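Scroll down for the structure; my scribbles are underneath it.
Computed over heavy atoms, backbone and side chain alike; hydrogens, waters and symmetry mates excluded. Worth saying up front: this structure is predicted, and the values here are computed from it rather than measured.
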2 protein chains.
Amino acid sequence: MMLSKKTKYGLKALTYLAKVKDREPVQIAEIAKCENISQKFLESILLTLRRNGLLGSKKGKGGGYYLIKEPNEIHMTTVMRVLEGPIAMVPCVSLNFYEKCDDCPDEGECSVHKLMLQVRDSALDVYRNNTLADLL
Amino acid sequence: MMLSKKTKYGLKALTYLAKVKDREPVQIAEIAKCENISQKFLESILLTLRRNGLLGSKKGKGGGYYLIKEPNEIHMTTVMRVLEGPIAMVPCVSLNFYEKCDDCPDEGECSVHKLMLQVRDSALDVYRNNTLADLL
DNA sequence: TATTATCCTACCAAATTGATAGGAATTTCA
DNA sequence: TGAAATTCCTATCAATTTGGTAGGATAATA
């Protein structure tokens, strides 16, 4: 149940970009150096953030990555889902990726289900109440 | 960030045992069968639950595992920590297993820290407010 | 003393994670 | 026009974690 480094690094990069004036493109190398992240690994993370509509990019000299929305419009629900996957800790309580447990005959009677439903709701609460702007 | 099967199975087994009359010992085989769990895997899970003071056991004929506390005295904070490990998703916000991130110069300024602190608190809230009895 | 059950250690295959390699595509600018 | 800068993309890899298995040691019962 640890946060993956992918998510950790992705969040740090987003934060870094949120602080940049005028949304100027920032190069991978700069972010990697300042945040102590393996450059190649960060490269792949920024790529998925771009593919999922959170970042824009520009190639060639003076190129790099930049936010395409304002920090207060970037919700942690989105960021977490893109980087870390479903917020629910079991598929049977997932809003977006629901799946029935094949070993569990009755969800209503399942203690795991009952508990994880609460955990999901409380996590969702946090993520919904935080945008990137709130973390600066 | 998925819940491990270890935790899932462990919780199901605890729930199963909580429903047993007079805390009679129940054999691994019975729980495994009723809850659709690999018997050998469940064996190792019950063992760690016993070693961590959540279960008692009895060997030989008529033996098995049983709760040694009442369900309403078994808190989910304990169960989760024993089965799943630290509740915090990053060591730098862990109460019981704190560790400084070596890549992060200032926790107070770290967005990951800020967010995960809230997530930890909200999860802790859920786990503190649930005993095994609440999940029956 | 035979049977029943937990106890314990070691092992294993599959999946995931964090990271690297190396070049293709695109943009800038001299 | 062409060299440099930068993202884009695919493939690969080692280490770790996870879920599960094997096989016998130990203890309790009858």
Side-chain angles (χ1 to χ4, degrees), chain A residues 1-13 17 24-33 35-68 82-86 89-91 101-103 112, chain B residues 1-13 17 20 24-33 35-68 83-86 89-91 101-103 112:
Chain A
M1 253 178 47
M2 283 278 291
L3 193 73
S4 68
K5 298 218 166 180
K6 182 178 171 188
T7 303
K8 188 182 172 188
Y9 294 161
L11 256 174
K12 288 202 168 200
L17 291 172
E24 290 282 335
V26 179
Q27 297 153 30
I28 299 171
E30 179 183 330
I31 305 177
K33 198 180 169 197
E35 300 289 343
N36 297 301
I37 304 172
S38 142
Q39 177 166 341
K40 272 297 195 178
F41 189 27
L42 181 60
E43 198 178 311
S44 71
I45 296 168
L46 294 179
L47 206 50
T48 65
L49 286 173
R50 196 216 52 173
R51 284 175 175 154
N52 284 282
L54 287 165
L55 294 180
S57 67
K58 201 184 151 192
K59 288 182 183 176
K61 187 161 192 180
Y65 284 93
Y66 51 89
L67 291 189
I68 48 178
V82 165
L83 292 172
E84 191 76 12
M89 295 208 305
V90 270
C101 298
D102 43 355
D103 57 309
V112 178
Chain B
M1 256 179 49
M2 283 278 291
L3 192 72
S4 68
K5 297 218 166 179
K6 183 179 169 189
T7 303
K8 187 181 174 190
Y9 295 162
L11 255 175
K12 288 202 169 200
L17 290 172
V20 172
E24 291 282 336
V26 179
Q27 298 154 30
I28 299 172
E30 180 183 329
I31 305 176
K33 197 179 168 196
E35 300 289 343
N36 297 302
I37 304 172
S38 141
Q39 178 166 340
K40 273 296 196 179
F41 190 27
L42 180 60
E43 197 179 314
S44 70
I45 297 169
L46 295 178
L47 206 51
T48 65
L49 286 172
R50 196 217 52 176
R51 284 175 175 154
N52 287 95
L54 288 165
L55 294 180
S57 67
K58 202 184 150 192
K59 288 182 182 178
K61 186 159 193 181
Y65 285 95
Y66 51 90
L67 292 189
I68 50 178
L83 292 172
E84 192 75 12
M89 296 207 305
V90 270
C101 297
D102 42 356
D103 57 308
V112 178

Taking NZ, NE, NH1 and NH2 as the nitrogens, is one of them in A:Lys40 or A:Glu43 under 4.0 Å from a carboxylate oxygen of the other?
yes

Where do A:Pro25 and A:Gly63 come nearest, in terms of heavy atoms and distance?
CB-C, 3.7 Å

Look up atom CG in B:Asn52 and atom CG in B:Leu47, then write down how far apart they are to the nearest 0.5 Å.
10.0 Å

Under a 4.5 Å cut-off applied to non-hydrogen side-chain atoms, are A:Leu83 and A:Leu49 in contact?
yes

Integer-rounded Å distance: C:dT17 C1' and A:Leu3 CG
13 Å

Could you pick out which residue, A:Met1 or A:Ala29, lies toward the 5' side of DNA chain D when each is mapped onto its nearest nucleotide?
A:Ala29

If you measure from NZ on A:Lys12 to CG on A:Leu42, what distance do you get to the nearest 0.5 Å?
11.5 Å

Looking at B:Arg50, I'd like to know whether one of its side-chain N or O atoms comes within less than 4.0 Å of OP1 or OP2 on C:dT6.
no

Please give, in whole Å, the distance from C:dG18 P to A:Lys5 NZ?
7 Å

Counting only heavy atoms and a strict 4.0 angstrom limit, can you tell me which residues of residues 39-49 of chain B come near DNA chain D?
B:Lys40, B:Phe41

Measure the spacing between NZ of A:Lys58 and OH of A:Tyr66 and express it to the nearest 0.5 Å.
8.0 Å

So OG of B:Ser4 and OH of B:Tyr9: to nearest 0.5 Å the spacing works out to 10.0 Å

Distance in Å, B:Glu84 CD paired with A:Met2 CE, rounded so as to fall on 0.5 Å steps
12.0 Å

I want to check something: taking the side chain as every heavy atom from C-beta on, are A:Asp103 and B:Ile37 in contact at a cut-off of under 4.5 Å?
no

For B:Gly56 and B:Ile68, which heavy atoms make the closest approach, and how far apart are they?
N-CG2, 3.5 Å

Need two values: the first and the last nucleotide of DNA chain D, 5' to 3', having an atom under 4.0 Å from any heavy-atom of chain B.
D:dG19 to D:dT29

Enter the distance from A:Leu17:CG to A:Glu30:CD here, rounded to the nearest 0.5 Å.
9.0 Å

Between B:Gln27 and B:Arg51, which has a closest nucleotide on DNA chain C that is more 5'?
B:Gln27

What does the list of N/O pairs under 3.5 Å between the protein and nucleotides 25-30 of chain C look like, with a distance for each?
| unit_1 | atom_1 | unit_2 | atom_2 | d |
| --- | --- | --- | --- | --- |
| C:dT26 | O4' | A:Lys59 | NZ | 3.3 |

